[in-house]
Amino acid sequence: MGPTDLLLGIDVGTSSVKLTLPDAEGRLVAEQTRAYAVDSPRPLWSEQDPASWWQGVCAGLRALWHEDESRRERVAAIGLTGQMHGLVLLDARGAVVRPCILWNDQRTAAECREITARVGPQRVIELTGNPVLAGFTAPKIAWVRKHEPENFSRVAHILLPKDYVRYRLSGEFASDVSDASGTSLFDVAGRRWSDTMIDALELPRDWLPPVSESVTPCAKVSREAAGETGLRPETPIVAGAGDQAAQAVGTGIISPGDMSVTLGTSGVVFAVTDAYRPEPQGRLHAFCHAVPGVWHVMGVMLAAGGSVEWLCGVLGVSAAELSRLAQEAPAGAEGLLFLPYLSGERTPHADPLARGAFIGLTARHARAHLARAVLEGVCFGLRDSLELVRGLGVQAERIRVSGGGAQSALWRQTLADVLATEIATVGTSAGASFGAALLAGVGGGVFASPAEAVARAVHEGERVRPGPAARRYAAGHARYAAQYPLLRDEFAALAALAESPSA
């Protein structure tokens, strides 16, 4: 056998699985992406067939080996990451019970209230670092118990999306501390499952997988999976991380005080802390980081790039064309605001019934103004999170930005202006899958620590300073922030109207 000098990162995303193959210096050797569908059988519902993830992984790996057969033997270790909070239910034979309920599914408002009342709102935040939110895993379990008792009676194992792929690769049930932090079942300060939360849901403890630190090897590729994927049998698989923690590792955000913004389907403000530090009202997420002994706080808006994708579909343009269109309108879009609550919202409002809105439309506004307002509205939503992070005493002179939206020069400048902070890109666009590969390198002995992995493999790129529009955007954000309290009750009424049966 030749040298094992490659690392494999697998990201089980919402719309696709991405496989990244860097070498020990962080140089990208190859990557593959395989898309799949998201189902929405009812308004606010979001589901996916776990088989599509496995099919995507197998197809992507076969394509990597087709390009260069020698890569199969050179993979030193595998790291997994993916969309957080999803509920994968397996029966005693390991078969999927029902489609996975995804992170952006908003059906569980009643279950969130019930769990919170049972445990107590402050106790929930003390234990889990977060309120019980509709997108999290625990209320989805309660929803299945209430609405699908036949399915619930078959359950023997509960997994998160990336951990289902691990099960298919190895036959092992396992998870990590960062991904488990987003279930509402985890003691985030203690980095272990919470007996209090598990008891509140009356769940058997053996339904939940063992958890490890993200860099810990916890499984190996089985012979059966090797036959399906072409991977070398016994290749070690580390615990991995939720997508945001892995993304942070891949962009070098691993030490207390480091901060990043991710412009993906969702938008995330991510800050590393040296201790468990929940926001008192639970408006930020407080999770275990993928780096052992470190935590992070995180603000999440549900439709960042998702808002751009929506408008692209409405206007029939690409993301690059939308960015060029937005440049035709001035900063501030001549008084037009956009609320990016197309999938409800997480931070700072935690309202699954929130709705998107254009506010201030006049006959003067054209497509360019709509495009500009959407980009600005996403940045305003990210500033909401940044101000909460700063309220915890976490400051950063510079924020690293990554994700698909970071490829737009206009969006980068707008973000710097709205946040009134210097923005820096990073030298890789592989994101969470790249971070998962670095975690695999630590667990596989290629790197001595996450710090060494980042020092060798992550490099800062372009820096963007706030410009003259920053003052205008400070006033624009104040107007943006004033809209949600005025519209909250109307959003709920509109949601009820949408759910009403037609006459």
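Side chains are part of it too, since the values below use all heavy atoms of this structure and drop only hydrogens, waters and symmetry mates. Quick caveat, the model's predicted, so the values are computed rather than measured.
V17 has its side chain out of reach of W53: every pair of non-hydrogen atoms, C-beta onward, lies at least 4.5 Å apart. Counting heavy atoms from C-beta outward, R355 and E490 have side chains that stay 4.5 Å or more apart. Side-chain contact between L339 and F380: absent, with no pair of heavy atoms (C-beta onward) separated by less than 4.5 Å. Taking the side chain as every heavy atom from C-beta outward, D384 and H477 approach each other to under 4.5 Å. Within the 4.5 Å cutoff, no side-chain heavy atoms of S212 are placed close to those of D176. Residues L388 and P348 meet the side-chain proximity criterion, which asks for heavy atoms closer than 4.5 Å. Between F434 and V458, the closest side-chain pair of non-hydrogen atoms falls below 4.5 Å. By the 4.5 Å heavy-atom criterion applied to side chains, L382 and M301 are counted as neighbours.
The two residues A368 and E328 make their nearest non-hydrogen contact at CB-CB, 3.9 Å. Closest approach of I423 and R412 over heavy atoms only: CG1-O, 4.4 Å. The minimum heavy-atom distance linking A290 with S178 is given by the pair N-CB, 4.3 Å. In terms of heavy-atom proximity, T421 sits nearest to E397 at CG2-O, 3.6 Å. Closest heavy-atom contact between A440 and A77: O-CB, 3.5 Å. Nearest heavy-atom pair across D187 and G190 is OD1-N, 2.9 Å.
Taking S385 as the reference, V269, T347 meet the side-chain contact (heavy atoms from CB on, under 4.5 Å) condition, with sequence neighbours excluded. Among residues two or more places apart in sequence or in another chain, the side-chain contact (heavy atoms from CB on, under 4.5 Å) test is passed with A453 by L438, V442, F447.
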(request) Check the pair V308, L263 against side chain to side chain contact (heavy atoms under 4.5 Å, CB included), reporting the backbone distance first and the verdict last. (result) CA-CA 11 Å; V308 172; L263 292 171; over 6 Å; no

(request) Go through the steps to decide whether Q244 and S266 satisfy the test side chain to side chain contact (heavy atoms under 4.5 Å, CB included), and finish with yes or no. (result) CA-CA 10 Å; Q244 295 305 323; S266 60; 4.2 Å; yes

(message) One pair to check against side-chain hydrogen bond (donor to acceptor under 3.5 Å, both in side chains): Y473 and E376. What are the steps and the verdict?
(response) CA-CA 9 Å; Y473 283 136; E376 292 173 348; 2.6 Å; yes

(request) Might you work through the side chain to side chain contact (heavy atoms under 4.5 Å, CB included) test for V88 and D163, ending with a clear yes or no? (result) CA-CA 9 Å; V88 181; D163 301 324; over 6 Å; no

(request) In sequence, state the C-alpha distance, the side-chain angles, and the governing distance for L370 and L336, and then conclude on side chain to side chain contact (heavy atoms under 4.5 Å, CB included). (result) CA-CA 8 Å; L370 299 180; L336 182 63; 3.8 Å; yes

(message) Between T14 and W103, does the side-chain hydrogen bond (donor to acceptor under 3.5 Å, both in side chains) criterion hold? Intermediate values first, please.
(response) CA-CA 9 Å; T14 307; W103 61 277; 2.7 Å; yes

(message) Under the criterion side-chain hydrogen bond (donor to acceptor under 3.5 Å, both in side chains), I'd like the reasoning laid out for H85 against N104: C-alpha separation, chi angles, the key distance, then a yes or no.
(response) CA-CA 9 Å; H85 319 305; N104 54 353; over 6 Å; no

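Taking NZ from K140 and CG from D105, the interatomic distance works out to 6.0 Å, rounded to the nearest 0.5 Å. For the atom pair NE2 of H289 and CG of D274, the computed distance is 12.5 Å after rounding to the nearest 0.5 Å. To the nearest 0.5 Å, atom CH2 of residue W295 and atom OG1 of residue T273 are 8.0 Å apart. Note: D258 CG to I253 CD1 = 4.5 Å, rounded to the nearest 0.5 Å. For the atom pair CZ (R324) and OG (S318), the distance works out to 6.0 Å, reported to the nearest 0.5 Å. In this structure, the separation between CD on Q413 and CG on D417 is 4.5 Å, given to the nearest 0.5 Å.
Remark: side-chain polar atoms of T251 are paired, donor with acceptor, to backbone N or O of A248 under 3.5 angstrom. A donor-acceptor pair under 3.5 Å links the side-chain atoms of T425 to the main chain of E462, judged by distance alone. No donor-acceptor distance shorter than 3.5 angstrom exists from the side chain of E31 to the backbone of T20, with no hydrogens or angles considered. A donor-acceptor pair under 3.5 Å links the side-chain atoms of S194 to the main chain of M197, judged by distance alone. The backbone N or O of E422 lies less than 3.5 Å from no partner atom in the side chain of R463, so there is not a single donor-acceptor pair. Of the possible donor and acceptor atoms, one in the side chain of R71 sits under 3.5 Å from a partner among the backbone N and O of L64. A donor-acceptor pair is defined here as one N or O able to donate and one able to accept, closer than 3.5 Å; such a pair exists between the side chain of H365 and the backbone of E334. For the pair S46 (side chain) and S40 (backbone), a donor-acceptor distance under 3.5 Å is absent. Within the 3.5 Å criterion, the main-chain N or O of C288 finds a donor-acceptor partner in the side chain of S181. With hydrogens and angles ignored, the 3.5 Å screen pairs no side-chain donor or acceptor of T262 with any backbone N or O of S402.
Salt bridge status for E213 with R191: present, with a side-chain N to carboxylate O gap under 4.0 Å. A salt bridge links K162 to D179: at least one charged side-chain nitrogen sits closer than 4.0 Å to a carboxylate oxygen. In summary, E47 and R107 engage in a salt bridge, as defined by a charged side-chain N under 4.0 Å from a carboxylate O. Ionic pairing of E126 and R123 is present here: one or more N-O contacts between side-chain nitrogen and carboxylate oxygen are shorter than 4.0 angstrom.
For H369 and F358, the ring centers are positioned 6.0 Å apart or more. For H349 and Y341, the ring centers are positioned less than 6.0 Å apart.
Heavy-atom neighbours of E460 CD from other residues, nucleotides or ligands within 6.0 Å: above the threshold of 12. A 6.0 Å sphere centred on CD of E25 holds more than 12 heavy atoms belonging to other residues, nucleotides or ligands.
Aromatic ring orientation, F338 versus W310: parallel (interplanar angle below 30°, classes split at 30° and 60°).
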